[in-house]
Structure formats: C-alpha cells, structure tokens
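Below, each value reflects all heavy atoms present in this structure, side chains not excepted, and no hydrogens, waters or symmetry copies. Throughout, residue positions are numbered sequentially from 1 according to the sequence presented.
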Amino acid sequence: MTSPGFEKPTDPARSALMRRVRQTGTKAEDEVAAILRQSGLRFRRNVKSLPGSPDFANKTNQWAIFVHGCFWHRHEGCPRTTTPTRNRDFWLAKFAANVNRDTIKARLLRAMGFKVLTIWECETRNPSNVRRRLQRLR
Ligand SMILES: [Zn+2]
C-alpha cells in the first residue's frame with residue numbers, strides 16, 4: 001500500500017503521525033488478505049508488474065485492489081480524513097498528489113480491462129461488508 005514516497009520528515013510530531021498512520025495501513029492490508037483467502041479468491045500481493053503496484057491483484061482474472069489509508073488517500077466523509085493544522089500547505093499538497101496518483105493508477109488499470117476496487121482502511125473493520133464488495137471481482 002499506501003504510504004507513498006515521502007521525504008524524510010524533520011518534525012518529530014509529524015514523523016510520529018506518519019508512523020502511526022502507516023502501521024494501521026499495513027494492518028488493513030492483512031485484514032483484506034485474510035478476507036480474500038476466506039472468499040477463495042486467488043491473488044498476489046504488491047504486484048509491481050501492473051500500473052501502480054496494486055496491493056492485491058489477479059492478472060488472469062483481471063482485477064486489482066488498492067487498500068487505502070483513509071488519512072493519506074482522503075476517504076471522503078470519513079472521520080479519519082483529518083488535516084493537520086501545522087504545515088497545512090505541506091499536507092494539502094501531499095494529499096492532492098496522492099489522490100491524483102490514485103486516480104491515474106485506477107484509470108491505467110481500467111484501460112487494460114481490469115476491475116479495480118478500492119477498499120478503505122476503515123471498511124476493514126466490517127469484514128462482511130468487504131466480503132460482499134469482493135463479489136464484484138468474480
Ligand atoms: Zn475511512
């Protein structure tokens with residue numbers, strides 16, 4: 001996933017925040033991996049041979065999944081989608097770049113005929129909902 005390339009932060013509060021958010025992202029991916037396995041969907045992780053290195057993909061069946069941290073990738077209307085007040089311009093530029101990159105990745109994959117699913121970090125707290133959304137990939 002999900003923590004796109006960042007320059008090394010110098011501000012300790014900022015780097016603590018980045019660390020925290022990054023860890024929840026990884027946990028969300030593990031959650032999705034477990035649900036995919038339970039659903040009997042075969043997949044590879046971090047598929048670098050596809051545009052945007054999807055977190056999960058099956059090239060034969062032409063689907064790709066991105067598991068997005070709500071904070072980094074700006075889950076609309078989600079309480080985790082906060083914006084730090086310090087260095088606000090830095091964050092806004094960072095977020096805009098992330099969202100733009102996400103859009104491009106999905107567009108490239110769709111142009112190749114892939115179904116693309118975005119699963120938000122907060123959704124993984126509700127596995128049955130995720131399982132239902134995965135049905136689209138069959
Ligand atoms: Zn969310």
Side-chain angles (χ1 to χ4, degrees):
M1 69 145 255
T2 283
S3 320
F6 284 92
E7 59 264 28
K8 208 169 169 40
T10 47
D11 169 358
R14 187 196 290 171
S15 72
L17 176 60
M18 284 181 167
R19 210 160 36 239
R20 182 161 56 79
V21 174
R22 203 170 277 154
Q23 279 164 0
T24 53
T26 306
K27 187 167 164 282
E29 276 184 51
D30 290 343
E31 211 68 60
V32 173
I35 296 167
L36 280 165
R37 272 191 293 270
Q38 288 159 15
S39 305
L41 288 158
R42 297 169 65 86
F43 62 90
R44 289 183 192 280
R45 280 182 91 146
N46 303 315
V47 184
K48 297 195 170 50
S49 56
L50 289 173
S53 305
D55 298 311
F56 301 96
N58 183 316
K59 289 209 235 179
T60 308
N61 298 323
Q62 293 205 300
W63 56 256
I65 297 173
F66 293 97
V67 180
H68 281 172
C70 301
F71 176 77
W72 292 118
H73 297 267
R74 307 275 92 189
H75 188 195
E76 254 184 78
C78 177
R80 297 181 185 195
T81 306
T82 56
T83 303
T85 47
R86 277 191 66 190
N87 304 306
R88 190 176 167 82
D89 289 349
F90 165 89
W91 289 106
L92 290 177
K94 202 52 98 180
F95 293 145
N98 287 349
V99 169
N100 189 40
R101 209 178 297 121
D102 294 339
T103 306
I104 291 167
K105 289 174 186 179
R107 195 178 293 150
L108 287 169
L109 284 161
R110 290 197 176 101
M112 293 167 65
F114 276 63
K115 293 178 186 170
V116 180
L117 206 60
T118 297
I119 299 194
W120 296 97
E121 173 192 0
C122 66
E123 291 182 289
T124 62
R125 285 181 303 181
N126 184 347
S128 62
N129 180 41
V130 174
R131 204 169 297 126
R132 190 172 47 71
R133 292 193 59 208
L134 294 176
Q135 294 308 309
R136 255 196 65 205
L137 304 176
R138 293 189 181 279

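- Here CG of Asn61 is found 8.5 Å from CG of Leu41. Values are rounded to the nearest 0.5 Å.
- For Arg42, the side chain to side chain contact (heavy atoms under 4.5 Å, CB included) partners are Asn58, not counting sequence neighbours.
- Under the 4.5 Å side-chain criterion, counting only non-hydrogen atoms from C-beta, Thr81 is not in contact with Phe95.
- Minimum heavy-atom separation, Cys70 to Cys122: SG-N, 3.5 Å.
- No single ILVMFWY cluster, assembled from side-chain heavy atoms under 4.5 Å apart, contains both Val67 and Leu50.
- Looking at Asn129 and Arg132, their side chains come closer than 4.5 Å, going by heavy atoms from C-beta outward.
- More than 12 non-hydrogen atoms from other residues, nucleotides or ligands lie less than 6.0 angstrom from CD of Gln135.
- The neighbour count for Arg138 CZ, taken as heavy atoms of other residues, nucleotides or ligands under 6.0 Å away, is above 12.
- Minimum heavy-atom separation, Ser53 to Lys48: OG-CA, 3.6 Å.
- Closest non-hydrogen pair, Ala28 versus Thr124, comes out as O-CG2, 3.8 Å.
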Exercise answer: donor-acceptor pairs, residues 102-111 side-chain atoms, under 3.5 Å, sequence neighbours excluded:
residue : atom : partner : partner atom : Å
Asp102  : OD1  : His73   : ND1          : 3.3
Asp102  : OD2  : His73   : ND1          : 2.5
Thr103  : OG1  : Val99   : O            : 2.9
Arg110  : NH2  : Val116  : O            : 3.2

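- Phe43 contributes atom CZ, which lies 11.5 Å from atom CG of Asp55 (distance to the nearest 0.5 angstrom).
- Contact between Gln38 and Arg131 at its shortest, heavy atoms only, is OE1-NH2, 3.1 Å.
- Scanning both residues, Phe56 and Glu29, for their nearest heavy atoms gives CZ-O, 3.2 Å.
- Using a 4.5 Å heavy-atom cutoff, the side chains of Ile65 and Leu36 are in contact.
- Transitive grouping of hydrophobic side chains (ILVMFWY, heavy atoms separated by less than 4.5 Å) keeps Leu137 and Phe66 in distinct clusters.
- Smallest separation of non-hydrogen atoms from Phe71 and Thr82: CE1-O, 3.3 Å.
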> Passes side-chain contact (heavy atoms from CB on, under 4.5 Å), Asp30 versus Arg45? Steps please.
Replying inline: CA-CA 10 Å; Asp30 290 343; Arg45 280 182 91 146; 3.1 Å; yes
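- Evaluation of the side-chain hydrogen bond (donor to acceptor under 3.5 Å, both in side chains) rule for Asn126 yields Ser128 as partners, not counting sequence neighbours.
- Contact annotation: the side chain of Cys78 approaches that of Arg80 to within less than 4.5 Å [non-hydrogen atoms, C-beta and beyond].
- Thr118 meets the side chain to side chain contact (heavy atoms under 4.5 Å, CB included) test with His68, Trp120; sequence neighbours excluded.
- For Ser49, the side chain to side chain contact (heavy atoms under 4.5 Å, CB included) criterion is met by Val47, Lys59, not counting sequence neighbours.
- A search for side-chain hydrogen bond (donor to acceptor under 3.5 Å, both in side chains) contacts involving Glu31 returns nothing, not counting sequence neighbours.
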> Are Leu117 and Leu134 close enough, and set up right, to give a side-chain contact (heavy atoms from CB on, under 4.5 Å), and what steps lead you there?
Replying inline: CA-CA 8 Å; Leu117 206 60; Leu134 294 176; 3.8 Å; yes
